[in-house]
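What follows is a short report on a single structure.
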Number of protein chains: 4
Amino acid sequence: MSLLLSPSSGLLAPAMPWETTEWFNSDPLNLAQLHGRVVVLEAFQMLCPSCVSHALPQAVRLSRAFGDELAVVGLHTVFEHHQAMTPTSLKAFLHEYRIPFPVGVDALRSAHPAPVTFSRYRMQGTPTTVLIDRDGMLRGQKLGPVDDMSLASAVTRLLDGAVPPAVCAVDGTCT
Amino acid sequence: MSLLLSPSSGLLAPAMPWETTEWFNSDPLNLAQLHGRVVVLEAFQMLCPSCVSHALPQAVRLSRAFGDELAVVGLHTVFEHHQAMTPTSLKAFLHEYRIPFPVGVDALRSAHPAPVTFSRYRMQGTPTTVLIDRDGMLRGQKLGPVDDMSLASAVTRLLDGAVPPAVCAVDGTCT
Amino acid sequence: MSLLLSPSSGLLAPAMPWETTEWFNSDPLNLAQLHGRVVVLEAFQMLCPSCVSHALPQAVRLSRAFGDELAVVGLHTVFEHHQAMTPTSLKAFLHEYRIPFPVGVDALRSAHPAPVTFSRYRMQGTPTTVLIDRDGMLRGQKLGPVDDMSLASAVTRLLDGAVPPAVCAVDGTCT
Amino acid sequence: MSLLLSPSSGLLAPAMPWETTEWFNSDPLNLAQLHGRVVVLEAFQMLCPSCVSHALPQAVRLSRAFGDELAVVGLHTVFEHHQAMTPTSLKAFLHEYRIPFPVGVDALRSAHPAPVTFSRYRMQGTPTTVLIDRDGMLRGQKLGPVDDMSLASAVTRLLDGAVPPAVCAVDGTCT
């Protein structure tokens, strides 16, 4: 249950702004607009098998299990096969897979395979699950599959404003 | 996410004592000994298919996901086929299915098919998942399959001492 | 176990030629080249959820379970969202999902949403599983999910040249 | 697809008689009565997890997928925890899990943990799947999980009287 950074860790920082070029299922959305709500950002690629089989269905479950206080947001962070995963393809994908939550398209810089938001968050691949608290602070980020229990527990703590138990090392530093 | 009763509901009561005849994976255990810890009591029968395929594996995941502050306890509440689910059969079942947590055998009264603890908690069948807070108050009880997210969220709230959001009706009554 | 038409049904006809514009994992392939082998043609779209979750993994299992006598062939029959499922997108899809068998792209006629081979076989949607015997005769065609047992049984019969049990109606007509 | 022994292997022998003490879902049944039908014998223990989660549901699928020409028969071969898996417990298990096919109880000899039929067939554990052809010859036997495709293919070959492709070694010996 180590998905969350504790405020006492000294490592908390504001979640960086998203840079997107297009949105589906929503008007353009930014973090400031979501202030006051907990945010789970699911960074994915539409042709990443474990995004399709695990992370996106889990994000749908999450958006159904918790109420309006939680904002589940998808971010299409294409860092390979760019011509294969255009916004046109993404739009059909979201329709066919019935993804109900807002999905933004991460912005590309010319001559750079990795998109802007992906790089700002120092993501290493997809899926990456990002947890942001009501104050806009980055509270957790994980590459690869997360289990339902750990994710729901972390989201509950952020919703309740509860401080997760600190993990402290032998030398007294806690994170 | 309605697994938990809120303290403001006026419906909270202490969880009733368990009456057991035998324990596996543990010395005899009662609620008083568990005071200070959150308790998930999983009432099951070893020949109940959805207990075996869903509720028990979920209880094992729960006991692994949360630390020592959570006590996961099984209760073998046999209300049918009594000769088929004796403690001897249960012992082999727990061994073969590698159930790691304590399991008590609900006591039977002569001439009554339903066991004592099962009746005290007014259970209707198996599996039944019971949530008890650090103060020994009964905070939730559900017959049938529960999803991982709802269960982990409720357990997290009990661990944190967080009060679940009240559900209020149009007439102003909240539960 | 009714996937196969029996030769005695009077309904057997040669499987119609495929019309394709491109191939992946293979040189261009046609039915004449496959004469003497049993063929399972899996018609799919890369953005069809049950193709991705069921039919394609099943086709991979099939290609592994049976030897060289069976040719498993994919056919990308795009009849909607054409701009979203171009050969460029398909190529990345096949790479990411590690599809090992040959996949042809069904040819499109201008101003017609349904592709040529799809129409010739009178397909109604995807996935569609097509069974062709060693002599190139069309022996079965099914829209939607097929279970592993029925499919493996039908393929075994075609490999062995076995005649499936006829299904006969009360009036004596058999199919 | 190597579940079946070929008649040309020189290894075929009649399936040995079963020795049972009790039957559920059926009058007492023996191999002679099943002459003319293909038989799949599923040897299991009611407290063996992979029997419960895999082999028995697969046997139910098998009995539904193929017609009356196939006899699916369970054999309760208890070789451990004998007091935990009595016929009384088995009866409730078969009821709760809705097993529809005949199940015999393998006979025990005093002072021998392994039952008689289990020993005759030189079984090593459960589940064990046994394939017997229309003439009562033992055609295949496998310990552990079998996949649906391999099993359905083997059953189809036995139903059709088809000879499986021989597997021949470099020195010319075929099995």
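The model shown is predicted, which means the values in this text are computed figures rather than measured ones. Excluded from the calculations below are hydrogen atoms, water molecules and symmetry mates; all remaining heavy atoms, backbone and side chain alike, are included. All chains are named by letter (A, B, ...) in the order of the sequence lines, taking the proteins before the strands, and each is independently numbered beginning at 1.
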**Study point:** Which atoms of B:Leu62 approach chain A - backbone, side chain, both or neither, heavy atom under 4.5 Å
**Key:** both

Exercise for review: Would you indicate whether B:Gln83, at its atom CD, is surrounded by more than 12 heavy atoms from other residues, nucleotides or ligands within a distance under 6.0 Å?
Suggested key: no

Review point. Any side-chain heavy atom of B:Arg157 within less than 4.5 Å of one from A:Leu159?
Key: yes

Revision key, fill the gap. Those residues of residues 54-61 of chain B that come under 4.5 Å of chain A on a heavy-atom basis, listed by number, are B:Gln58, B:Arg61

Extract all donor-acceptor atom pairs below 3.5 Å that involve side chains of residues 92-100 of chain B and protein atoms in other chains or at least two apart in sequence.
| from | atom 1 | to | atom 2 | distance (Å) |
| --- | --- | --- | --- | --- |
| B:Glu96 | OE2 | D:His81 | NE2 | 2.9 |

Exercise for review: May I ask you to check whether A:Ser153 and B:Thr156 show a side-chain donor-acceptor distance below 3.5 Å?
Suggested key: yes

Exercise for review: Answer yes or no: are there more than 12 heavy-atom neighbours, outside B:Arg64 itself, under 6.0 Å from its atom CZ?
Suggested key: no

Check your understanding: At their closest point, which heavy atom of A:Ala65 faces which heavy atom of B:Met149, and how far apart are they?
Key -> CB-SD, 4.3 Å

